[in-house]
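Notes for the one structure printed next.
Just so we're on the same page: letters track the sequence lines, and every chain starts at 1.
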There are 2 protein chains.
Amino acid sequence: MESRLAERRARILGAARNLVAEAGYSAVSVPAIAKRAGVSTGLIYNYFDSKAVLFDELFRSATEHEIEACEAAARQPGSARERIGYVIETFAHRALAARQLAWALLAEPVETEIEQDRLRFRAPYRRLFAALIREGINDGEIADQDEDVVAAAMVGGIVEALIGPLSEPPEVGDEDRLIHTIVSYCANALGSIPEPSELGMAPYHD
Amino acid sequence: MESRLAERRARILGAARNLVAEAGYSAVSVPAIAKRAGVSTGLIYNYFDSKAVLFDELFRSATEHEIEACEAAARQPGSARERIGYVIETFAHRALAARQLAWALLAEPVETEIEQDRLRFRAPYRRLFAALIREGINDGEIADQDEDVVAAAMVGGIVEALIGPLSEPPEVGDEDRLIHTIVSYCANALGSIPEPSELGMAPYHD
DNA sequence: ATAAATAGTGAACCATCATTCAGTTCTTCT
DNA sequence: AGAAGAACTGAATGATGGTTCACTATTTAT
């Protein structure tokens, strides 16, 4: 059974999360979180050292949740290139389905301290893409390249391409077209399939 | 001759710009700008309605300056694909040569109101890339695609790939490799050169 | 030279919120 | 029940830093 302490923590985090998801970051002051959670302002500081810590945890858990979905997509059967496509589709679909939250997590202007956090939470996405690209390279599906730089560019590109649409109301047909454009863009960006080595060496795994 | 009024404006903007370029946005308070410009805090409000307006102008002029350099690169002779490559090289070289400023303009966490500005000032880059891509499409060099989405993804990708290096001290050899990686990445992302149309239609210009 | 207008000063002000803490209510244990 | 402690309250506090404004200095016009 969940301890009272943990229940309160979760309630506060949930309130913060709901506020972000409904109205964006700008609507979330500590008193607002308290009101939504049905507790006093002061109590929040019994559970979190500061607002920044609270948001750090909020961002972390939201990011982990998204990352898990993307990792699941990455585990689908298929070539590395195909799986990269699945991950992008998953990421983009989920972002477009929860626009306000995605906007807040990815791009909404926030106070300085929290912005730093946000930058940090892009790293897991970069790592996921970098790992898939490296796999593709080792399998001979993708030409050798600096997977860290390319992964960063992909994440930045996907987010930037989504930011405009994220802040506008949904337009049904366009969504699939947008995602398709982004997926093709990334697929192309990985370059063409390399010729098998003249030495006939088999692709290797580390 | 520059009017006294314009001279003062320019002096204040210059002071702000130098502070940003030397120490990043976090070092720039209104009193700090005043001190650097050798004027009083209050005077700044005779020339600018608010700090946000001052920075809006600062960002605008800095962005215009950069955009001009990129547009010059885009006017070099060459195919659309080649010229896109020149623009990326120009942009990246200049950013890496003035790291602190570039970091402040592109990614440093800033207060909410100013962040909104920053988002706006990415649009000119998107437009420049979009125009070049469209040219390439019309010339049959690039397969038809949504140039606005692709341009956004390129800009986002270039910036994201630079952000890490921008916040670290220069490492000489790496810089060219990094830029080369980004350029190839974008070149690939445009897709392969399309087959000439079966109907033998000539590429068209609007 | 004197007045009117304009430019400039900087200490005080204020708005915003995160944060605190003295006091109260609720639990738990004997 | 009663005491000890933990949980909780919310109005007051405080830090930051942008903004104002009553006042002084300088320039321009008569």
Side-chain angles (χ1 to χ4, degrees), chain A residues 1-20 22-59 104 108-118, chain B residues 1-20 22-59 104 108-118:
Chain A
M1 167 197 136
E2 201 172 36
S3 74
R4 179 170 190 70
L5 192 126
E7 185 275 332
R8 272 284 196 265
R9 251 188 108 80
R11 168 188 283 260
I12 292 167
L13 273 176
R17 189 197 158 89
N18 287 338
L19 282 173
V20 170
E22 284 163 23
Y25 181 79
S26 60
V28 189
S29 64
V30 175
I33 298 169
K35 192 173 176 196
R36 178 66 169 256
V39 302
S40 69
T41 311
L43 187 63
I44 289 182
Y45 288 87
N46 284 11
Y47 291 91
F48 301 92
D49 284 346
S50 67
K51 189 191 187 189
V53 166
L54 193 165
F55 270 83
D56 182 84
E57 193 157 327
L58 175 55
F59 280 13
E108 186 183 4
V110 298
E111 58 207 67
T112 311
E113 217 166 331
I114 291 170
E115 172 72 25
Q116 289 166 344
D117 245 46
R118 196 158 62 179
Chain B
M1 170 196 132
E2 203 171 35
S3 75
R4 179 170 189 69
L5 191 125
E7 186 276 331
R8 274 281 196 266
R9 252 188 107 79
R11 170 189 281 262
I12 293 166
L13 273 175
R17 190 196 157 89
N18 287 338
L19 282 173
V20 170
E22 285 164 23
Y25 181 80
S26 60
V28 189
S29 64
V30 175
I33 298 170
K35 192 174 175 193
R36 179 65 168 258
V39 302
S40 67
T41 310
L43 188 62
I44 291 181
Y45 287 89
N46 284 9
Y47 291 91
F48 301 93
D49 284 347
S50 68
K51 191 191 185 189
V53 167
L54 194 165
F55 271 83
D56 181 85
E57 194 158 326
L58 175 57
F59 279 14
E108 186 183 3
V110 297
E111 56 209 67
T112 311
E113 217 166 328
I114 291 170
E115 172 73 24
Q116 289 167 343
D117 247 45
R118 196 157 64 180

Problem set entry | Separation of atom CD1 in A:I114 from atom C1' in C:dC17, rounded to whole Å | 12 Å
Exercise. Where along residues 24-40 of chain B does a heavy atom fall under 4.0 Å from DNA chain D?
Worked result: B:S29, B:V30, B:P31
Exercise. When you measure from the side chain of B:R11 to the backbone N and O of B:A37, does any donor-acceptor pair fall under 3.5 Å?
Worked result: yes
Exercise. In residues 41-54 of chain B, what residues come within less than 4.0 Å of DNA chain D, judged by heavy atoms?
Worked result: B:T41, B:G42, B:Y45, B:S50, B:K51
Seminar exercise, completed: Rounded to whole Å, the CG-P distance (A:L5 to C:dC26) equals 19 Å
Exercise. Run the salt bridge (charged side-chain N to carboxylate O under 4.0 Å, His left out) check on B:E111 and B:K51 step by step: do they pass?
Worked result: CA-CA 11 Å; B:E111 56 209 67; B:K51 191 191 185 189; 3.4 Å; yes
Exercise. Heavy-atom distance under 4.5 Å between the side chains of A:L54 and A:Y47, does that happen here?
Worked result: no
Seminar exercise, completed: Whole-Å distance, B:R9 CZ to C:dA7 C1', equals 16 Å
Exercise. Rounding to a whole Å, what distance do you find between A:E113:CD and C:dT19:C1'?
Worked result: 13 Å
Exercise. When you check the gap from the basic side-chain N to the acidic O, do A:E22 and A:R17 get nearer than 4.0 Å?
Worked result: no
For this session: To the nearest 0.5 angstrom, please state how far the NZ atom of A:K35 sits from the OG atom of A:S29.
Result: 10.0 Å
Exercise. Is the distance between the ring centroids of B:F55 and B:Y25 under 6.0 Å?
Worked result: yes
For this session: Send over the distance from B:I12 CD1 to C:dG8 C1', rounded to a whole Å.
Result: 11 Å
Exercise. Taking C-beta and beyond as the side chain, do B:D56 and B:I114 meet within less than 4.5 Å on heavy atoms?
Worked result: no
For this session: To the nearest 0.5 angstrom, please state how far the OG1 atom of B:T112 sits from the CD atom of A:E115.
Result: 9.5 Å
